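Here's the structure we're looking at; comments come further down.
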There are 2 protein chains.
Amino acid sequence: MKKVTIKDVAKEAEVSPSTVSRVISDSPNISKSTKEKVRFIMDEMGYYPNAIARSLVKQKTRSIGLVMSRPTDRALANPFFSGVIQGIAAVAQEKNYSLLLTAADNYEDEYQEALKQLKVGRVDGLVLLASRINDDLIKQLLKNNFPFVLIGRSQEFPSIPRVDNDNYKAAFDLIEKLIKSGYKDFSVLAGHKDYVFTGDRLKGVIDALKAHSMNLDPVKIEFTDFTFKSAEQSAYKILSNHKTDALIAFDDLLGMAAVQTAEALGFSVPDQLGIVGFNDHTLVSYLKPSLTTVKIPIVDMGERAISMLIKMLEDSSYTGEEEIISTEIIERESLKFI
Amino acid sequence: MKKVTIKDVAKEAEVSPSTVSRVISDSPNISKSTKEKVRFIMDEMGYYPNAIARSLVKQKTRSIGLVMSRPTDRALANPFFSGVIQGIAAVAQEKNYSLLLTAADNYEDEYQEALKQLKVGRVDGLVLLASRINDDLIKQLLKNNFPFVLIGRSQEFPSIPRVDNDNYKAAFDLIEKLIKSGYKDFSVLAGHKDYVFTGDRLKGVIDALKAHSMNLDPVKIEFTDFTFKSAEQSAYKILSNHKTDALIAFDDLLGMAAVQTAEALGFSVPDQLGIVGFNDHTLVSYLKPSLTTVKIPIVDMGERAISMLIKMLEDSSYTGEEEIISTEIIERESLKFI
DNA sequence: TTGTAAGCGTTATCAC
DNA sequence: GTGATAACGCTTACAA
């Protein structure tokens with residue numbers, strides 16, 4: 001079954017290929033009758049315009065690369081990424097763009113891979129998720145003038161097209177609310193040091209405490225990988241060695257691990273120890289105890305990021321902007337306010 | 001910064017475009033000296049061969065579409081998909097293929113979308129995950145002679161290229177082992193009816209019981225969506241109305257919901273009630289109690305599926321085969337044997 | 001309103 | 001060993 005091309009259709013319809021092309025793009029200056037005839041033939045022959053040929057002449061692929069900035073396995077295991085992708089995929093489909101998943105074992109390879117997709121012209125732009133502190137990729141993209149949108153924040157390049165929530169403020173506000181509720185001894189189960197949001201949230205916590213003449217004992221901060229095991233160990237370190245009545249975990253999965261560790265150590269949550277997470281993954285509202293958390297609208301962030309990128313791609317006068325999405329504290333069982 | 005093409009390189013290196021092309025493909029009949037010269041120029045000019053142009057002439061895109069057969073949001077939230085994708089992505093990268101994610105709100109749209117990617121020539125083949133019972137997509141693919149590999153099983157089309165585990169056998173063996181361990185009253189928290197594996201596992205359960213002159217009371221089977229809420233409700237229905245000492249959940253997430261529901265109802269797990277899941281998601285080994293489960297090597301399945309597809313794509317004499325991967329029972333805390 | 005022809009950036013076939 | 005040239009399937013001036 002050979003592919004039918006525009007020429008085949010043209011011959012069959014007894015018109016020129018250009019006419020067929022114009023029918024495809026629904027050009028206004030084609031007579032109704034030829035349009036109908038050509039469309040009928042296209043249908044009959046099962047013709048589909050070749051996307052590759054089209055891309056070649058248009059110099060646009062209508063596809064967008066997705067970079068996770070983290071080994072894909074781990075990345076995908078985290079609901080954060082599922083949420084973002086969900087948002088991205090929805091808009092991509094609606095606007096008729098394809099999504100190219102770039103994946104690699106390690107961060108370095110992955111971003112080289114993503115860059116390559118751009119250089120070989122396979123994608124028109126990139127959406128970057130959860131950037132690390134060391135953002136060479138952004139540097140490269142900027143240098144080559146490649147369109148991209150970052151979900152998160154770059155330390156080196158503060159004003160680039162991006163969508164993010166204000167992690168600093170979210171953490172700051174959370175702590176204020178906790179202090180008002182009477183909590184005194186804070187501890188933090190932070191994410192990986194390499195991520196920008198880790199630093200931002202930490203700063204928010206520290207500054208909020210300072211604003212109330214309190215401080216965060218450095219021994220009560222533990223950085224951890226995004227694995228359950230690592231999180232458990234870190235939670236154990238904090239809980240078995242230090243007095244604390246409120247543990248702030250920078251991700252729900254970490255919070256979940258903390259709850260388990262706390263209960264295993266004999267703490268009753270939330271009575272003796274309040275635990276709060278970040279993100280509001282669907283799962284955590286069903287746990288026992290359900291997790292109090294700072295909700296980050298990740299699906300929404302994905303939608304906005306790709307919408308921005310598409311706008312940049314289609315409107316050359318638009319160069320992107322910074323969108324900051326607000327967060328919300330969801331009170332559940334693992335930590336009670338007031 | 002305009003893209004540099006093969007012609008630019010040719011001009012600069014004072015050779016013809018064909019020579020440059022031959023250097024790119026490392027053709028044996030090009031002198032070492034020209035190769036070096038051309039390579040140097042390519043480097044210097046920052047030349048990257050255009051993938052689109054290449055695809056057009058080669059009539060191959062070196063990209064593969066991924067179909068989830070399920071709203072992407074939900075799909076991605078399930079670790080099953082993350083695992084499969086992890087395997088697929090690893091091999092794709094290694095073999096230099098790109099992955100195109102097809103997504104849509106509903107199943108029907110999604111498979112139309114996937115088919116379209118093939119028809120417009122944007123991908124060379126498809127990997128299908130978790131097929132439904134109603135598999136029109138497969139029918140279409142077969143009819144159009146499009147290359148694809150299914151992860152799972154099709155009821156209508158038993159012998160197509162696919163990789164799967166033997167769900168029937170896995171369930172059968174599990175029940176046998178449970179019976180040997182003294183369990184008597186079985187109940188099943190099954191997945192969605194539309195999925196082939198649900199039926200297969202159920203049949204395995206029923207047949208194993210029959211083989212021991214036992215039977216499964218239909219009221220002790222509950223079908224449920226893959227959401228925590230739905231699973232909890234179904235588990236509640238079973239546990240609050242019927243006597244059971246072993247609950248088999250057809251997915252770890254469902255098992256996890258069952259454990260919580262059981263404990264909320266006052267059952268002690270595993271003493272009064274054993275609960276076993278399927279898949280062995282990373283998370284569930286860390287729960288309290290940790291989940292006994294039937295491990296399905298999903299990463300491996302992803303790897304094999306895409307490897308098979310690539311082989312089909314590159315070797316026209318190979319038309320795929322059926323690979324059945326074996327499973328393994330992992331004993332943890334939620335259900336004890338003997 | 002439609003056709004002709006050039007061109008998008010490659011590779012492949014033939015020459016030399 | 002290397003260079004012309006055609007072709008891949010489409011779009012788009014420019015003509016008519």
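Values reported hereafter were calculated over all heavy atoms of this structure, with side chains retained and with hydrogens, waters and symmetry mates removed. Naming convention: chains lettered A, B, ... in sequence-line order (proteins, then strands); numbering from 1 in each chain. Just so it is clear, the model here is predicted, and its values are computed rather than measured.
More than 12 heavy atoms of other residues, nucleotides or ligands lie within 6.0 Å of NZ in A:Lys37, so this atom counts as buried by the packing criterion.
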(message) Generate the contact string for nucleotides 7-16 of chain D. Rules: B means base contact, S means sugar-phosphate contact only, - means no protein heavy atom under 4.0 Å.
(response) -BBBBBB---
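A nucleotide of DNA chain C counts as in contact with chain A when one of its atoms lies under 4.0 Å from a heavy atom; the first and last such, 5' to 3', are C:dT1 to C:dG9.
Looking at residues two or more places apart in sequence or on another chain, you find a side chain to side chain donor-acceptor pair (under 3.5 Å) between A:Thr34 and A:Ser31. B:Glu108 meets the side chain to side chain donor-acceptor pair (under 3.5 Å) test with B:Gln112; sequence neighbours excluded.
Look at B:Asp43 and B:Arg39 and you find no salt bridge, because none of the NZ, NE, NH1 or NH2 atoms lies under 4.0 Å from a carboxylate O.
Contacts between residues 26-45 of chain A and DNA chain C, defined by a heavy-atom separation below 4.0 Å, involve A:Asn29, A:Ile30, A:Ser31, A:Thr34, listed by number.
In this structure, A:Leu99 CG and B:Thr102 OG1 are separated by 9.5 Å, a value rounded to the nearest 0.5 Å. Note that the CD atom of B:Glu113 and the CG atom of B:Leu100 stand 9.5 Å from one another [nearest 0.5 Å].
When all heavy atoms of B:Pro17 and B:Ile6 are compared, the closest pair comes out as O-CD1, 3.8 Å.
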(request) Please lay out, stage by stage, how B:Glu156 and B:Lys139 fare under the test salt bridge (Lys or Arg N to Asp or Glu O under 4.0 Å). (result) CA-CA 9 Å; B:Glu156 289 185 56; B:Lys139 202 176 291 175; 3.7 Å; yes
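Comparing the helix axis at one end of the helix from C:dT1-D:dA16 to C:dC16-D:dG1 with that at the other, each defined from 5 consecutive pairs, gives an inter-axis angle of 40° (nearest 10°).
With no hydrogens or angles considered, a side-chain donor-acceptor pair links B:Tyr318 and B:Glu321 at under 3.5 Å.
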